[in-house]
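First the structure, in the form of C-alpha cells, and then the observations on it.
From a predicted model like this one, the values you see are computed outputs, not experimental measurements. Whatever order the structure lists them in is the order used to number ligands and atoms, beginning at 1.
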Amino acid sequence: MNASHRPVISATGLYTPPESITNAELVASFNAYVERYNADHAQAIAAGTVAALQPSSTEFIEKASGIKSRHVIEKAGVLDPAVMRPCIPERGNDELSVMAEIGVAAARQALANAGREASDVDAVLCAASNMQRAYPAMAIEIQQALAIEGFAFDMNVACSSATFGIQTAADYIRAGHARSVLVVSPEVTSGHLNWRDRDSHFIFGDVATAVLVEDAGIAPVCHWDILGTRLKTVFSNNIRNNFGFLNRAAPEGEGLADKLFVQEGRKVFKEVVPMVSALILEESARLGLDPQALRRLWLHQANAGMNRLIAERVLGHEASEDESPTVLDTYANTSSAGSVIAFHKHNRDLSGGDTGVICSFGAGYSVGAVFVRRAA
Ligand SMILES: CC(C)(COP(=O)(O)OP(=O)(O)OC[C@H]1O[C@@H](n2cnc3c(N)ncnc32)[C@H](O)[C@@H]1OP(=O)(O)O)[C@@H](O)C(=O)NCCC(=O)NCCSC(=O)CC(=O)O
C-alpha cells in the first residue's frame with residue numbers, strides 16, 4: 001500500500017442514543033422542580049432570605065437557541081424532578097464503559113463506511129469534552145474493544161476536541177507516523193449539564209461520532225481531502241466546569257453548581273462569533289480559497305443565531321440551510337461532536353471538487369477549522 005503523507009477523511013460514523021427529550025418534556029420537569037422548590041422554601045422566600053426560582057419556557061428555548069429536542073443516554077433520571085441527572089448504573093471494571101461503548105459504535109460505522117478493517121487502523125484518539133474517568137485512557141479501552149494495534153490517547157479541548165483531534169491525526173499522516181487514525185468523540189454531556197439551572201438546562205445532548213483520517217494512498221475512492229487545518233485558543237472563564245480530583249471533598253465537592261457546566265452565554269456569543277469568522281477568513285486566504293465559494297460550512301452546533309452570523313460573515317450573504325446545515329434542532333449542543341454530526345449527515349450530496357469547512361468553537365475559548373475538498 002502507498003503512503004502519500006496527504007491526509008484525507010475516509011469516512012465518518014455516528015451513534016445516536018435512542019432516547020430523546022422534547023423541550024415540552026424538559027420544561028414540564030424543570031417547572032415541577034421549581035414549584036416544589038418554591039413550596040418547600042415558601043417561608044424563606046416570603047421573608048426575602050431565599051430567592052424564588054423562575055420557571056423555564058419552551059418558547060424561550062427555541063427562540064434563544066434553535067434547540068427543539070436532544071438525545072440522552074438515560075431519560076428517566078433527567079426528567080424526574082427529584083433527581084434531574086442521568087441515572088447510568090456504574091459498570092464493573094471488566095465491562096465496557098459507557099463512553100467506550102458509544103464510541104465503539106460510532107467507530108465501527110466509520111470503519112464500515114470506509115470498507116476498512118479495525119486491524120488496518122494505527123491509532124485511536126478519544127477527543128471529547130468530558131472523560132468519564134481519569135485513566136486508563138478511554139481511547140485505549142476503545143482501541144482494545146476494536147482489537148486495534150498501535151497506540152491511543154485521550155485529548156480534551158472541550159467543544160473543539162474533534163477538530164483538534166482531526167488536526168492531530170492529520171499531522172501523524174503528514175509526518176508518516178501513521179496511515180489510518182480514528183478520531184472518536186463520545187460526548188455524554190448529560191453528565192455535566194446542570195439540569196436545575198434555568199439558563200442552561202436545555203443546552204446539551206448525548207451522542208458519539210467517529211472520523212477516520214487516513215493517508216490518501218490507502219483511502220477509499222470516495223473521500224474528502226484535508227486541504228488545511230487551523231487551531232486557536234484564548235483563555236476565558238465564560239464557559240467553565242470546576243470538577244476535578246482536587247475538589248473531591250464535601251462541602252466543596254462534586255454535585256455543586258460550579259462542578260457542572262456554567263457559562264455566560266451572551267458573552268460567549270459576542271466574543272466567539274468574531275473569533276470564528278476571522279479564523280475561517282484568514283485560513284481561507286492562506287489556503288488560496290475564496291471564502292464566498294465555500295460550498296458548505298459544517299459549524300459547531302451550539303446556537304442557531306451564532307451560526308447564522310458566522311456563516312454570513314464568511315460567505316458574504318445570509319446562508320441557506322443547504323450552505324450551513326443545522327442539526328442542533330434535534331441533537332442540541334453535543335459539544336465536540338456537533339460539527340462532525342453536521343458533516344456526517346450532510347456531505348454525500350456534494351460533488352467532486354466541492355470545498356467546505358468543518359469548524360468547532362467553545363470553551364477555552366477554542367476554535368478549530370478543517371478545510372476539506374471532495375475528491376470523488
Ligand atoms: C445560552 C443562550 C441560548 C441564552 O440566550 P440569550 O443570551 O438570548 O438569553 P439570556 O441568558 O440573556 O436571557 C434572556 C432572558 O431570558 C431569561 N431566561 C433565561 N433562561 C430562560 C429559560 N430557560 N426560560 C425562560 N426564560 C429564560 C433570562 O432570565 C433573561 O430575562 P431578562 O431579559 O428578564 O433578564 C445564548 O446566550 C447562547 O446560546 N449563547 C452561546 C452559548 C455558547 O455557544 N456556548 C458554548 C457552550 S459550550 C460548548 O459548546 C461546549 C464546550 O465548549 O465544551
Note to self: Under a 3.5 Å cutoff, is there a donor and acceptor pairing between the side chains of R295 and T355?
What the structure shows: no

When you compare the side chains of D215 and S4, does any donor N or O come within less than 3.5 Å of an acceptor on the partner?
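Yes, a side-chain donor-acceptor pair sits under 3.5 Å.
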
Sub-3.5 Å N/O-N/O distance, [X] and ligand 1:
X    : result
N303 : yes
P55  : no
G362 : no

* Sub-4.0 Å heavy-atom contact, F30 with ligand 1 -> no

Is there a heavy atom of H300 sitting under 4.0 angstrom from any atom of ligand 1?
-> yes

Margin query: Parallel, tilted or perpendicular: which one describes the rings of F151 and F153, with boundaries at 30° and 60°?
Written below: parallel

**Asked** Are the aromatic rings of W224 and F343 close, with centres under 6.0 Å apart?
**Response**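 Yes: the rings meet the under 6.0 Å criterion.
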
Practice item. Answer yes if a protein heavy atom lies under 4.0 Å from atom 33 (O) of ligand 1, otherwise answer no. Key: no

Is atom 36 (C) of ligand 1 less than 4.0 angstrom from some protein heavy atom?
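Yes, because at least one protein heavy atom sits under 4.0 Å from atom 36 (C) of ligand 1.
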
Practice prompt. If you have a sec, work out which protein heavy atom is nearest atom 29 (O) of ligand 1 and how many Å separate them, to one decimal?
Written response: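 Of every protein heavy atom, R198 NH1, 3.1 Å lies nearest to atom 29 (O) of ligand 1.
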
protein heavy-atom neighbour closest to atom 52 (C) of ligand 1 works out as C159 SG, 2.4 Å

* Asked: Would you call D354 and R296 a salt bridge, taking side-chain N to carboxylate O under 4.0 Å as the test?
  -> no

field: Pair E19 + K75: basic N to acidic O under 4.0 Å
entry: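 No.
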
> Which value, rounded to the nearest 0.5 Å, describes the distance between E141 atom CD and S97 atom OG?
Replying inline: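 Here the rounded value is 3.0 Å.
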
>> Can you tell me which portion of Q263 lies within the under-4.0 Å heavy-atom range of ligand 1? Options are side chain, backbone, both, or neither.
In response: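 For Q263, only side-chain atoms sit under 4.0 Å from ligand 1.
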
